[in-house]
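Letters go in sequence order (proteins before strands), and every chain restarts at 1.
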Protein chains: 2
Amino acid sequence: MFDMHTGVDAAWDSTDMSGTFARREDAMPAEQAPSHARTRCATCMMRSICMAASLEASEVARLDNVVQSWRSVRQGERLYRAGDPFRSIYAVRVGSFKTVVAPARGKETISGFFMAGDSLGMDGICLETHNCDAIALEDSVVCVIPFHLLEALCREIKPLQRQLHKMLSAEIVRESRQMMLLGSTSAEQRVAAFLLSVSARYRERGYSATSFVLRMTREDIGSFLGVTLETVSRTLSKFQQEGLLTVQGKSIELLNLDALDAR
Amino acid sequence: MFDMHTGVDAAWDSTDMSGTFARREDAMPAEQAPSHARTRCATCMMRSICMAASLEASEVARLDNVVQSWRSVRQGERLYRAGDPFRSIYAVRVGSFKTVVAPARGKETISGFFMAGDSLGMDGICLETHNCDAIALEDSVVCVIPFHLLEALCREIKPLQRQLHKMLSAEIVRESRQMMLLGSTSAEQRVAAFLLSVSARYRERGYSATSFVLRMTREDIGSFLGVTLETVSRTLSKFQQEGLLTVQGKSIELLNLDALDAR
DNA sequence: CGTTATTTTGAGATCCGTCAAGATATGTGG
DNA sequence: CCACATATCTTGACGGATCTCAAAATAACG
């Protein structure tokens, strides 16, 4: 059965970092670095769905100069917290995250899940302060993209500007879909939609769309979907009884995507 | 009691359009136009919460060249529809709108309400196609902002670029809040939060925060909040019985903001 | 291997949706 | 300006989907 760690390791090995997480400029001066080390975005497997999408090689190289560091975040640790000053956005290179919003009153809520290739932190731009916690669901690595540098480059490279705007807009559309899900569907429909969404995102990344491991708990899923963890569990059991899928703890095998979609 | 039309007319009268809705460049050549007509953003009452926020006078003037037309939309008419090609974003100058998302299956949902000073259509950037309908809740006027021109100007004016990014990010945060509301609060809390949100937006615009007219139906509110129109109605009645507010059809008077917030 | 976190499943309670009817508001044409 | 038609809103009664509480089973982890 597919394990997300496989994908993680593959992505990792595609780089030239050889197991070193933190990347320091002084350890790799431009003069000495081999050319493929100067085009790290160019060798990244997530290139096609990341910031570098639709850029030409020379432009990717300039973007590389902006992405000056990586950061590794261990499972359960926070990439940033609500209230932290906003300085950078982050592209998930390896692993996955959840974002948690804690309102003044009321219980905290999962506002999103992010896997390799997704971008995090764009909520911080408007108030120059992050407004949620980003927590690693497994040991992860992100590209750190200082926002003022990215903005400067966007003023020079039109396709990059367009790409940033599309990413921001895509986040708006994604959340608007989630709002609709939360506002007008049954628990069964929410769980089905969630599984299909995860499935589609694995497919986009070249992994199996029918067989995967969920990195988050039932409680996380419930919080994200606006139902209780018991309802998530019961719904998965029901889907299994109906032959729509096989569930074994966090391992999921989807047996009938169309039937799930029909919910 | 406060009537939104009062505000509408005030905003309208602050312009030099003298009742002419459609604005045509040929009717007002730069040479003949008085200087205050060349700085239409500069005289707009919504300037401080719109695209022009934090710009200097000379920059506002350049933005004005991008905002080449207005468009009037009668109550119930659509500013754009889901599937329309995306070309412009819109700033509400007069009136108000709702946006409606119609999923492949399932019933359509109100995804947002927009009043004077708010911007619409940013959801269209990512797929270059609008993904919802924008419907006028009353006779309204919007500034049409061709997006490719705005992008070009953002590459030249750093504060404008920053402002656009903040607006996009603010939309993300707004929707993320709405997701939390839909996912983890009771019907009462949703209605209370909705009223407080409307109240705050009127206050921002210089109107009464405690006395206003809702431009949308109970059904619209219910759809936006993920509850039925009956639940909205019952909740308003209950709040009235408890002395938190007075409700007379669409006219609302909030009597105890703190108690509403405590829900 | 023991401890803790997570998941499953059940039973009862409740919030809210559904259906229905009447009341009020809005708009239209004479 | 009135009368009618239509849209919107209010209120009630009932049922059901989902929550809450509880306990046992399974998995994760040091």
key: Residue whose closest nucleotide on DNA chain D lies nearer the 5' end, K250(A) versus A187(A)   = A187(A)

inquiry  = When you compare the side chain of Y80(A) with that of L120(A), does any pair of heavy atoms fall below 4.5 Å?
reply    =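 Yes, their side chains come closer than 4.5 Å.
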
How is [X] classified with respect to the nucleic acid when contacts are heavy atoms under 4.0 Å: base, sugar-phosphate, or nothing?
{"X": "Q248(B)", "answer": "sugar-phosphate"}
{"X": "G222(B)", "answer": "nothing"}
{"X": "V232(B)", "answer": "nothing"}
{"X": "L236(B)", "answer": "nothing"}

Taking only the side-chain heavy atoms of [X] (C-beta and beyond), determine which of [options] contains the nearest atom.
{"X": "S237(B)", "options": "dC19(D), dT11(D), dA22(D)", "result": "dT11(D)"}
{"X": "V247(B)", "options": "dT18(D), dT10(D), dT18(C)", "result": "dT10(D)"}
{"X": "S186(A)", "options": "dT18(D), dT11(D), dT18(C)", "result": "dT18(D)"}
{"X": "V227(B)", "options": "dG17(C), dC19(D), dT10(D)", "result": "dG17(C)"}

May I have the distance from [X] (atom [atom1]) to [N] (atom [atom2]), rounded to whole angstrom?
{"X": "E138(A)", "N": "dA28(D)", "atom1": "CD", "atom2": "P", "value": "14 Å"}
{"X": "Q240(B)", "N": "dT11(D)", "atom1": "CD", "atom2": "C1'", "value": "14 Å"}
{"X": "R218(B)", "N": "dT8(D)", "atom1": "CZ", "atom2": "P", "value": "12 Å"}
{"X": "I221(A)", "N": "dT6(C)", "atom1": "CD1", "atom2": "C1'", "value": "12 Å"}
{"X": "D220(A)", "N": "dT6(C)", "atom1": "CG", "atom2": "P", "value": "8 Å"}
{"X": "L225(B)", "N": "dC16(C)", "atom1": "CG", "atom2": "C1'", "value": "14 Å"}
{"X": "Q241(B)", "N": "dG12(D)", "atom1": "CD", "atom2": "P", "value": "9 Å"}
{"X": "D139(A)", "N": "dC29(D)", "atom1": "CG", "atom2": "C1'", "value": "14 Å"}

inquiry  = Can you tell me if E230(A) has over 12 outside heavy atoms packed within less than 6.0 Å of its CD?
reply    = yes

inquiry  = For dC16(C) and T231(B) - does any side-chain N or O of the residue sit under 4.0 Å from the phosphate oxygens OP1/OP2?
reply    =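 Checking dC16(C) against T231(B), no side-chain N or O comes under 4.0 Å of OP1 or OP2.
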
query = Does T217(B) have a side-chain nitrogen or oxygen under 4.0 Å from the phosphate oxygens OP1 or OP2 of dT8(D)?
reply =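 The answer is no; no side-chain N or O of T217(B) sits under 4.0 Å from OP1 or OP2.
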
query = Are the ring centres of Y207(B) and F212(B) closer than 6.0 Å?
reply =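 Distance test on ring centres: not under 6.0 Å, no.
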
request  = Determine whether the aromatic ring centres of F97(B) and F113(B) lie less than 6.0 Å apart.
outcome  = no

Between the base of [N] and the side chain of [X], is there a donor-acceptor distance below 3.5 Å?
{"X": "R234(B)", "N": "dT18(C)", "value": "yes"}
{"X": "Q75(A)", "N": "dC29(D)", "value": "no"}
{"X": "E230(B)", "N": "dC19(C)", "value": "yes"}

ask   = Can R201(A) and D118(A) be counted as an ion pair, charged N to O under 4.0 angstrom?
value = yes

query = Between R263(B) and E242(B), is the closest basic N to carboxylate O distance under 4.0 Å?
reply =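 Here E242(B) pairs with R263(B) in a salt bridge, since their nearest N and O are under 4.0 Å apart.
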
